[in-house]
Participant: 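Pasting in a structure now, in structure tokens, and then I'll have a few things to ask.
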Amino acid sequence: MEDQLTQEESLQIIKRMISTSRHNIKKTDSFMFLLWGYVVFGASAVNIILFHTPYADYAFAGWLLILVGIIGSIYFGIKEGKQQTVKTYVDTMLSYTWIAFGVCMAIVLVFGFKLKLNLYPVILLFYGIGLFISGGAYKFKPLIVGGIICWLCSVIAFNVEFYYQLIILAFAVLAGYIIPGHLLNSKAAENV
């Protein structure tokens with residue numbers, strides 16, 4: 001005996017399929033770009049400033065701001081996961097992209113001492129990948145351009161002293177995360 005779908009059930013299935021394939025940009029899509037952009041920009045700025053003080057030996061302390069990013073990301077991820085009723089293919093793809101990014105970053109940071117003074121150029125390469133894929137998934141050119149800027153900054157950073165790598169990193173997150181994050185937020189406001 002075959003089960004027949006009612007017209008209403010068929011329409012519900014079609015609606016679900018459409019909603020999982022379509023991704024409308026939401027305000028929450030920009031949150032992580034802004035969070036991490038400001039965290040890394042702030043950490044870089046603190047590091048640069050401390051280099052010019054009697055506390056230069058503690059210049060790395062600015063990177064403790066990363067804990068704010070980690071806690072904020074976990075809190076936001078849990079909150080967003082509970083509120084999300086439909087997970088689109090874009091959401092799924094980007095989740096896997098940024099999880100892979102996080103794993104790669106963790107490995108690079110743990111073994112960063114082997115990279116000596118080339119840690120920031122490698123990190124910029126990873127930033128570029130995440131931004132470029134996100135921009136393509138959202139069909140949002142400022143993120144794609146931000147990824148390309150991170151790659152170009154990586155090339156430059158490989159060829160300058162460590163101190164200047166910090167300045168390049170700060171510029172790259174401003175151009176790749178913060179500005180596109182605000183533009184994405186504005187685009188989401190238009191979709192409401």
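Residues take their numbers from the sequence shown, with the count starting at 1.
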Participant: With sequence neighbours excluded, tell me which residues meet ring-ring contact (aromatic ring centres under 6.0 Å, His included) with F41.
Facilitator: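 Listed in chain order: nothing, the list is empty.
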Participant: Taking side chain to side chain contact (heavy atoms under 4.5 Å, CB included) as the definition, give me every residue that meets it alongside I107, ordered by chain and number, with sequence neighbours left out.
Facilitator: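 So I107 forms a side chain to side chain contact (heavy atoms under 4.5 Å, CB included) with V103, F111.
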Participant: Linking I/L/V/M/F/W/Y whenever their side-chain heavy atoms sit closer than 4.5 Å, directly or via other members, would L115 and F162 fall into one cluster?
Facilitator: yes
Participant: Is V46 linked to I168 within one hydrophobic cluster, defined over Ile, Leu, Val, Met, Phe, Trp and Tyr using a side-chain heavy-atom separation of less than 4.5 Å?
Facilitator: no
Participant: Just verifying a value: how many Å separate E161 CD and I167 CD1, rounded to the nearest 0.5 Å?
Facilitator: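 Here the interatomic distance stands at 10.5 Å.
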Participant: Work out which heavy atom in V155 is nearest to a heavy atom in N159; give both atom names and the distance.
Facilitator: O-ND2, 2.7 Å
Participant: Give the minimum heavy-atom separation between K139 and K187, together with the two atoms involved.
Facilitator: O-NZ, 4.3 Å
Participant: What are the two closest non-hydrogen atoms of G37 and Y177, and how far apart are they?
Facilitator: CA-CB, 3.6 Å
Participant: Any heavy-atom pair between the side chains of L35 and F76 that's under 4.5 Å?
Facilitator: no
Participant: Please tell me whether V39 and L64 are part of a single hydrophobic cluster in this structure, the criterion being side-chain heavy atoms less than 4.5 Å apart.
Facilitator: no
Participant: Mind checking whether T53 and Y58 have side chains closer than 4.5 Å, heavy atoms only?
Facilitator: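 A side-chain contact under 4.5 Å is absent here.
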Participant: For P180 and F140, work out which heavy atoms get closest and say how close.
Facilitator: O-CE2, 3.7 Å
Participant: Mark yes or no for whether Q165, through its side chain, and L117, through its backbone, hold a donor-acceptor pair below 3.5 Å.
Facilitator: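 A pair under 3.5 Å: yes.
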Participant: Applying side chain to side chain contact (heavy atoms under 4.5 Å, CB included) to L125 and C150, what does each step give before you reach the verdict?
Facilitator: CA-CA 7 Å; L125 287 173; C150 285; over 6 Å; no
Participant: Heavy atoms only: give me the nearest L124-A157 pair and the separation to one decimal.
Facilitator: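 Looks like CD1-CB, 4.2 Å.
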Participant: Is it true that atom CZ of F51 has more than 12 heavy atoms of other residues, nucleotides or ligands lying nearer than 6.0 Å?
Facilitator: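 Result for CZ/F51: enclosed.
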Participant: So which heavy atom on A59 is nearest to which on L50, and how close?
Facilitator: CA-CB, 3.7 Å
Participant: With the side chain counted from C-beta on, respond yes when I70 and W36 share a heavy-atom pair under 4.5 Å apart, and no when they do not.
Facilitator: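 Answer yes - side chains close enough.
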Participant: Does either side chain, that of W63 or that of S44, offer a donor lying less than 3.5 Å from an acceptor on the other one?
Facilitator: no
Participant: Cluster question for you: counting only ILVMFWY and a side-chain heavy-atom cut-off of under 4.5 Å, with indirect links fine, are F33 and Y96 together?
Facilitator: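 They do not share one cluster, since no chain of ILVMFWY contacts under 4.5 Å joins F33 to Y96.
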Participant: To the nearest 0.5 Å, what is the distance between OG (S134) and CD1 (I129)?
Facilitator: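 One finds 11.5 Å between OG of S134 and CD1 of I129.
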Participant: Give the intermediate values and the outcome of side chain to side chain contact (heavy atoms under 4.5 Å, CB included) for residues S30 and H182.
Facilitator: CA-CA 7 Å; S30 64; H182 282 292; over 6 Å; no
Participant: Look up atom SG in C104 and atom CD1 in I123, then write down how far apart they are to the nearest 0.5 Å.
Facilitator: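 Interatomic distance, C104 SG to I123 CD1, rounded to 0.5 Å: 12.0 Å.
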Participant: Would you mind reporting whether F171 and I149 have side-chain heavy atoms less than 4.5 Å apart?
Facilitator: yes
Participant: Hey, do the aromatic rings of W98 and F101 have their centres closer than 6.0 Å?
Facilitator: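 Yes: the rings meet the under 6.0 Å criterion.
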Participant: Flag the pair I133 / M93 as yes when at least one side-chain heavy-atom distance between them is below 4.5 Å, and no otherwise.
Facilitator: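 When only atoms from C-beta onward are counted, M93 and I133 do touch, with a gap below 4.5 Å.
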Participant: Can you tell me how far CG of N47 sits from CG of L166, rounded to the nearest 0.5 angstrom?
Facilitator: 4.5 Å
Participant: What distance separates L131 CG from I144 CD1, expressed to the nearest 0.5 Å?
Facilitator: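 The distance works out to 10.5 Å.
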Participant: Mind telling me whether Y163 and H52 have parallel, tilted or perpendicular rings, with 30° and 60° as the class edges?
Facilitator: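 Perpendicular: the ring planes of H52 and Y163 meet at over 60°.
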Participant: Are M105 and I99 connected into the same hydrophobic cluster when the rule is that any two of I, L, V, M, F, W, Y join if their side-chain heavy atoms are below 4.5 Å apart?
Facilitator: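 No, I99 and M105 fall in different hydrophobic clusters.
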Participant: Give the intermediate values and the outcome of side chain to side chain contact (heavy atoms under 4.5 Å, CB included) for residues Y38 and L34.
Facilitator: CA-CA 6 Å; Y38 281 114; L34 292 172; 4.2 Å; yes
Participant: Between OH of Y120 and SG of C153, what distance do you get to the nearest 0.5 Å?
Facilitator: 14.5 Å
Participant: Ring centres of F132 and W151 under 6.0 Å apart?
Facilitator: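 Yes, the ring of F132 comes within the 6.0 Å limit of the ring of W151, centre to centre.
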Participant: Assess whether side chain to side chain contact (heavy atoms under 4.5 Å, CB included) is satisfied between L119 and L109, documenting all intermediate values.
Facilitator: CA-CA 8 Å; L119 180 64; L109 292 174; 4.2 Å; yes
Participant: So does Y75 have more than 12 non-hydrogen atoms from other groups sitting under 6.0 Å from OH?
Facilitator: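 12 or below, so no.
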